[in-house]
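For reference, the structure is listed below as structure tokens.
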Amino acid sequence: MYLCPLIAPMEYRFQDIEKKWQHFWHSNQTYRVDEHSTNPPYYVLDMFPYPSGAGLHVGHPLGYIASDIFARYKKHTGFNVLHPMGFDSFGLPAEQYAIQTGQHPAKTTKENIARYRDQLDKLGFNYDWSREIQTSSPSYYKWTQWIFIQLFNSWFNPKTNKAEPIDQLIQYLQAHGLSAEFLASISGGMDTELEPFTAVEWGAFTEGVKQSVLMNFRLAYLGESFVNWCPELGTVLANDEVVNGLSERGGYPVERKLLKQWSMRITAYAQRLLEGLDALDWPESIKDTQRNWIGRSEGASVRFPLINHEGWIEVFTTRPDTLYGVSFVTLAPEHEWVSSLCSVEQKAEVEAYVAKSKHRSERERMADVNTISGVFTGSYVAHPFTHEPIPVWVGDYVLVGYGTGAVMAVPAHDERDFKFATHFFLPIKQVIQPQQPHDFSLGAWTEKAGTLINSEALNGLSVYDAIQKMTDNIAHEGFGSKRINYRLRNAVFGRQRYWGEPIPVYFKDDIPYVIPTETLPLNLPEVDKYLPTEDGDPPLGRAVHWKFEDFYEYEKSTMPGWAGSSWYYLRYLDPTNENMLAAPDKIAYWRNVDLYMGGAEHATGHLLYARFWCKFLKDIGIVPFDEPFKKMINQGMILGRSSFVYRVVGESTFVSAGLKESYRTTPIHVDISLVSNDRLNIEGFKAWRTEFENATFILEPTGEYLCGYEVEKMSKSKYNVQTPDELVERFGADTLRMYEMFLGPVEQSKPWDTKGITGVHGFLKKFWRLFHPSGTFEVNDATPSLEHYKILHKTIRKIREDLDRFSFNTGVSNFMICVNELTEAKGNYREILEPLTVLLAPYAPHITEELWALLGHEPGSLYNAPYPTVNPAYLVESQHEYPVSINGRMRFKMTLSLSLTKEEIETVVMSESQTIKWLEGKDPKKIIIVPGKIVNLVI
RNA sequence: GCGGAUGUGGUGAAAUUGGUAGACACGCUAGACUUAGGAUCUAGUGCCGAGAGGUGUGCGGGUUCGAGUCCCUCCAUCCGCACCA
């Protein structure tokens, strides 16, 4: 069997193998799936990428590889697996590029997609490309527009807790009008100042009035609201697109501006979005972030009647128990009654203050949260119970968008109110006696603990009881009601941009109407430039002959980036359907996503919006489920590992990292392609840039130049970007796939470092060599020994366990251990190698396909081969190597039969010479024996 | 400030139920072979110590026969939210 290897060994030629099988899979449509299968369906989805001009770097495929391995595993274990891919192809970068170059964003996008597709294909994913979608293609956005129309034509009925046709609401209003009670019941999801009206009044309203009333109910609506306006980008942004007062893309300042905007009434779904989280198998951190973002707080609204004015100021409070401690009321500067409330003497001061706050950007306002500012309006409200006059102030610590834009200030029991009161010398009234000593001159007592004092009927109650009682009292006396408030804001849905889905709306007498669904899609028109018009209209204002029925103006803003991604998982189920977004039987077959793989950075954007649309689509009967993604895993970020050379200050001399302490140096980023295991390719470095042509080097004693390193985000400017392409070229896709998994747990962020890749590549070579013991392919059909079976079945068990808990990194290790042991054990048995090939197939699909074919199977059949199962009979052990510990510390080992009883083990251990040595003549106080595990002697 | 995550060799990491800490891999050291190749193979490699041995999972404490794992306190790093009433 072991012949003298005169012929050159047949090496592992990964480049040929990978090219061959990628071509095979493509031309045989190996990964194409349909719903005509007796196997149960399983839906694996990756967050689809935005095809940027830079292409993929090694960080992008991390999640794709993990989900691909899992999808293949599911396929081998008898599931009908759907694993599609597409492109989120509307977006700002292509448009910015278009503005600079005049090139149509569709062209750039197409080129970028081709590049991405090419890069993805090289990694051997099992995507069913026949289902590819692109959000910017009219056949796709036709249905994004269709959903918008459904949202426009729906309202959220709080009684049924779901969306219903707006026509039903119209019928109701015709019959009953709009009562005050009805209005109160819907206050949660609305930001409305609607007045009640009767059925007769409704009938008498003009079309314009009717439509503006209905606009308060529609789930997609045109409303005036404060938005995040970004002048540099010339567009509004959603809350999740603003980070620390700057735009997420580009980092430009963002200001608050009152604008008429298309918005989504996501707040109507706040409670359902919150409740739905509990049942989801998502990372806790994402669920927490969403809970936080939704920000539910339970409390009461309380009305304070104005003195010498009509009406009242309504506040929201979570602490109605402290009502007797109110010493002033504060309004947000944007509160609509500020100007009408200020007295003649205070007018100038108030107006100046309001003007100042308006011009402060969101960022400035956040930057000095500790600066206390405010101004007295000169007006008073009456305390609802004591009727004492309470001064009304304006302060920018009160936010117009939260609660009612007004707060009742209880300085003794709220930290901000306390600071405000001490700054302006306002009274501080204690109404809760804490159990422990507390100095009320130093700060507020904000714990929800203690006994009520100075509060008439509430005196003596605990905080908890007082909250209940006061909430009831307020409602009973008619001063307010119990109320649940959410931090979640309605989402702005229009962008003053070109490269997005046109909003399917036209205007007739200034009233917006949706276009008939039969006329969809409303195609994105051509424009001469991608800039706003001279009149300040969005770029769509440049389109010529672009009118509904050649007469009515279309809406000129487009949809935001998150529109297309909010429902794309449904389109994969039926990507070419021209009559509906997806056929009901296909939706019913595949259902929602079983495993969703993607980044955690979408926690409050995409993942919340997609859940919202899913709930809406359920309400209108399109989907039979309430949540889009059952289980989610967030892959960690792969960070770059930048390399540095150290230039001696003022010279063209570079000193090696080990010697740099003796010099004054400046670190300079060096392209990582010039560095291998921290050693600099000096000739390459000199040739890299002309300025380094004549550089001199101070080397280590070994004659090498060592580079320093730092872990940073991967970026072109840091010369630390690693593309998958070059690694696929050098080591092959199977190596790259396994190496990315080998780096560590998928959900953990980690620095990229190619150092270890040779280890994984070496493993695949070693695996290949098992099938080529003397150079050529050769397997042994004889029956393997028990030892071989044991190695195999131990591995099967571990690999399956690792896959079931998404522990891909330990999976790779276990394959390595297996191949090391089989190499050691010798013997290229078919009965061992064949199941091992299937076992490895999800991780390394190319090499296993090649070997599978060499083993004599039909090419391409590996994908459908059943996954090996464990035969426990091979794993039964008769002996165990017992660690013997003295006082919990392992001292030596003894191999004993597992059939021994505790007593027998004790006898053997106690008579062992090592034991006697360690006992030093003492008697053990206690002997712990756990059969099959350990022995511990306590002395 | 609130919430979450993480902390283990020179490096990436493993330890699934409280039971041999550092599997696997990189790197490093020494050696073998070779048509110097980024090939292959052998041995070693947590730290201190010549060795016996001691010591070791961010710090300090606790529970336990036994703790990386459970409990408490603190520290550091990262992420999310943040005048949210």
Side-chain angles (χ1 to χ4, degrees), chain A residues 9 11 243-244 283-293 295-297 299 315-319 322 330 332 365-366 368-372 395-399 401-410 414-417 419-420 485-487 600-601 603-604 637 641 676-678 709 730-731 739 742-745 747-763 765-766 769 798 801-802 804-805 807 809-818 820 881-893 924-930 932-939:
Chain A
E11 0 150 28
V243 179
N244 291 330
E284 266 321 299
S285 60
I286 297 275
K287 294 209 272 185
D288 274 337
T289 303
Q290 289 208 351
R291 287 190 188 107
N292 211 325
W293 190 261
R296 182 185 202 268
S297 55
V315 303
F316 171 71
T317 180
T318 55
R319 295 296 302 273
T322 62
T330 314
R365 225 161 123 165
M366 274 193 280
D368 54 15
V369 284
N370 292 317
T371 316
I372 294 148
D396 69 2
Y397 78 93
V398 181
L399 308 174
Y402 186 79
T404 59
V407 300
M408 59 175 227
V410 185
D414 182 278
E415 207 50 58
R416 295 169 318 253
D417 297 342
K419 282 187 190 154
F420 198 87
N485 201 52
Y486 298 93
R487 202 187 70 97
E601 66 274 20
T604 54
M637 229 204 309
R641 188 181 187 277
S676 166
N677 288 346
D678 288 337
Y709 73 91
R730 277 167 65 191
F731 299 102
Y739 182 56
F742 188 62
L743 282 176
E747 61 282 359
Q748 207 167 291
S749 284
K750 52 229 150 190
W752 177 258
D753 193 344
T754 35
K755 262 204 259 168
I757 200 166
T758 53
V760 175
H761 189 60
F763 154 77
K765 281 197 225 167
K766 216 165 165 180
R769 237 176 287 131
K798 292 208 160 180
E801 279 171 5
D802 288 340
D804 287 335
R805 63 194 175 104
S807 178
N809 54 326
T810 52
V812 178
S813 299
N814 282 319
F815 278 119
M816 288 174 169
I817 292 167
C818 174
N820 287 348
E881 190 182 42
Y882 281 89
V884 180
S885 303
I886 311 293
N887 289 338
R889 187 144 200 109
M890 204 279 288
R891 293 303 177 183
F892 59 93
K893 292 171 190 172
K925 279 188 222 149
K926 202 167 178 183
I927 299 169
I928 292 107
I929 291 167
V930 184
K933 292 254 159 132
I934 51 110
V935 175
N936 189 16
L937 306 176
V938 185
I939 54 172

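The figures that follow rest on heavy atoms only: side chains count, while hydrogens, waters and symmetry mates do not. Lettering of chains follows the sequences in order, A, B, ..., and the numbering in each one begins at 1.
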Pick the C1' atom in C24(B) and in G49(B), then give their distance to the nearest Å.
29 Å
State whether the distance check finds a donor on one side and an acceptor on the other, under 3.5 Å, for side chain Thr317(A) versus base A85(B).
no
When you measure from the side chain of Asp417(A) to the backbone of Val410(A), do you find a donor-acceptor pair of N or O atoms at a distance under 3.5 Å?
yes
Atom pair distance, as rounded to whole Å: CG in Asn485(A) and P in A85(B):
8 Å
Distances for protein N/O vs nucleotides 15-20 of chain B N/O pairs under 3.5 angstrom?
unit_1, atom_1, unit_2, atom_2, d
A15(B), OP1, Arg805(A), NH2, 3.4
U16(B), N3, Glu801(A), OE1, 3.3
U20(B), O2, Lys893(A), NZ, 2.8

May I ask you to say what Pro751(A) touches in the nucleic acid, namely base, sugar-phosphate or nothing, with a heavy-atom cut-off under 4.0 Å?
nothing
Can you list the residues that meet the side chain to side chain donor-acceptor pair (under 3.5 Å) rule with Ser285(A), with sequence neighbours excluded?
none
Tell me which nucleotide among C65(B), A13(B), A23(B) gets nearest to the side chain of Lys926(A).
C65(B)
C65(B) phosphate, OP1 or OP2: any side-chain N/O from Asn887(A) under 4.0 angstrom?
no
Give the intermediate values and the outcome of side-chain contact (heavy atoms from CB on, under 4.5 Å) for residues Leu743(A) and Lys750(A).
CA-CA 8 Å; Leu743(A) 282 176; Lys750(A) 52 229 150 190; 4.1 Å; yes
Anti versus syn assignment for G9(B), with syn defined as within 90° of 0:
syn
Check whether Tyr882(A) reaches the backbone of Gly932(A) with its side chain - one donor and one acceptor, N or O, closer than 3.5 Å.
yes
Side chain to side chain donor-acceptor pair (under 3.5 Å) against Arg291(A), all qualifying residues, sequence neighbours excluded:
Asp278(A), Asp288(A)
How many Å lie between CG on Leu743(A) and P on C24(B), as a whole number?
18 Å
Taking atom C1' in both U55(B) and U8(B), what distance in whole Å separates the two?
15 Å
Do Lys925(A) and Leu937(A) have side chains that get closer than 4.5 Å, going by heavy atoms?
no
What's the gap between A67(B) and G58(B) when it is taken at their P atoms, as a whole Å value?
15 Å
Nearest-Å distance for atom pair NZ/P, residues Lys750(A) and G12(B):
12 Å
Asp753(A) CG to A25(B) C1', in whole Å, measures 12 Å
Check: Trp752(A) ring centroid to Tyr739(A) ring centroid under 6.0 Å:
yes
Using atom CD of Glu415(A) as one end and atom C1' of C2(B) as the other, report the distance to the nearest whole Å.
14 Å
Results of side chain to side chain donor-acceptor pair (under 3.5 Å) for Lys766(A) - residues two or more places apart only:
Asn820(A)
Listed range with range, the stems formed with RNA chain B by at least 3 consecutive Watson-Crick or G-U pairs (under 3.5 Å) are B:1-7 with B:75-81, B:10-12 with B:24-26, B:27-32 with B:40-45, B:46-48 with B:53-55, B:60-62 with B:70-72
Among residues at least two apart in sequence or on other chains, which ones pass side chain to side chain donor-acceptor pair (under 3.5 Å) with Asp802(A)?
Arg805(A), Thr810(A), Asn814(A)
Flag, side chain of Gln290(A) to backbone of Thr604(A), donor-acceptor distance under 3.5 Å:
no
Between Trp293(A) (CH2) and C81(B) (C1'), how many Å, whole number?
9 Å
Calculate the interatomic distance between Ile757(A) atom CD1 and A39(B) atom C1'; express it in whole Å.
17 Å
Hey, what's the ring geometry for Phe420(A) with Tyr397(A), parallel, tilted or perpendicular (30° and 60° as the breaks)?
tilted
Quick one: label Asn820(A) by what it contacts on the DNA or RNA (base, sugar-phosphate, nothing), any heavy atom closer than 4.0 Å.
sugar-phosphate
Contacts of Lys765(A) and Val938(A) projected onto RNA chain B by closest heavy atom; the upstream (5') one is Lys765(A)
Compare side-chain N and O positions of Gln748(A) against OP1 and OP2 of A13(B) and report whether any pair is under 4.0 Å apart.
yes
Residue set satisfying side chain to side chain contact (heavy atoms under 4.5 Å, CB included) with Asn887(A), at least two apart, ordered chain then number -> Val938(A), Ile939(A)
With rounding to the closest Å, how many angstrom separate the P atoms on C47(B) and G56(B)?
16 Å
Determine the Euclidean distance between corresponding P atoms of U57(B) and G9(B); express it in Å to zero decimal places.
9 Å
Each nucleotide N or O in nucleotides 51-58 of chain B that has a protein N or O under 3.5 Å away: list the pair and distance.
unit_1, atom_1, unit_2, atom_2, d
G53(B), OP1, Lys917(A), NZ, 3.4
G54(B), OP2, Arg891(A), NH1, 2.9
U55(B), O4, Arg889(A), NH2, 3.1
G56(B), N7, Arg889(A), NH2, 3.3
G56(B), O6, Arg889(A), NH2, 3.0

Residue pair Thr289(A)/Arg769(A) against RNA chain B: nearer the 5' end by closest nucleotide is Arg769(A)
Taking atom P in both A23(B) and U11(B), what distance in whole Å separates the two?
15 Å
On a whole-Å scale, what distance lies between the P atoms belonging to U69(B) and U73(B)?
16 Å
So what does Thr330(A) hit on the nucleic acid, given a heavy-atom distance under 4.0 Å: a base, only sugar-phosphate, or nothing?
nothing
Within the structure provided, determine whether Val812(A) and Phe763(A) are in side-chain contact (heavy-atom separation under 4.5 Å).
no
So Phe316(A) and Ser297(A), side-chain contact (heavy atoms from CB on, under 4.5 Å) or not? Walk me through it.
CA-CA 10 Å; Phe316(A) 171 71; Ser297(A) 55; 3.8 Å; yes
Pairwise P distance for G7(B) and C70(B), with rounding to whole Å
11 Å
Gln748(A) meets the side chain to side chain contact (heavy atoms under 4.5 Å, CB included) criterion, sequence neighbours left out, with Pro745(A)
Of all residues at least two apart in sequence or in a different chain, which pass the side chain to side chain contact (heavy atoms under 4.5 Å, CB included) check with Asn936(A)?
Ser885(A), Ile928(A), Ile934(A)
Look for any protein N or O under 3.5 Å of an N or O in nucleotides 3-5 of chain B and output each such pair with its distance, or none.
none

Distance check needed: C65(B) P versus Ile886(A) CD1, whole Å only.
17 Å
Output the single nucleotide from C26(B), A25(B), C81(B) whose closest atom is nearest the side chain of Lys755(A).
C26(B)
Please confirm whether the shortest side-chain N or O distance from Arg487(A) to OP1 or OP2 of A82(B) is below 4.0 Å.
yes
Any residue meeting salt bridge (charged side-chain N to carboxylate O under 4.0 Å, His left out) with Lys798(A), in chain and number order, not counting sequence neighbours
none
Closest to the side chain of Tyr402(A), out of C24(B), G12(B), A85(B), is A85(B)
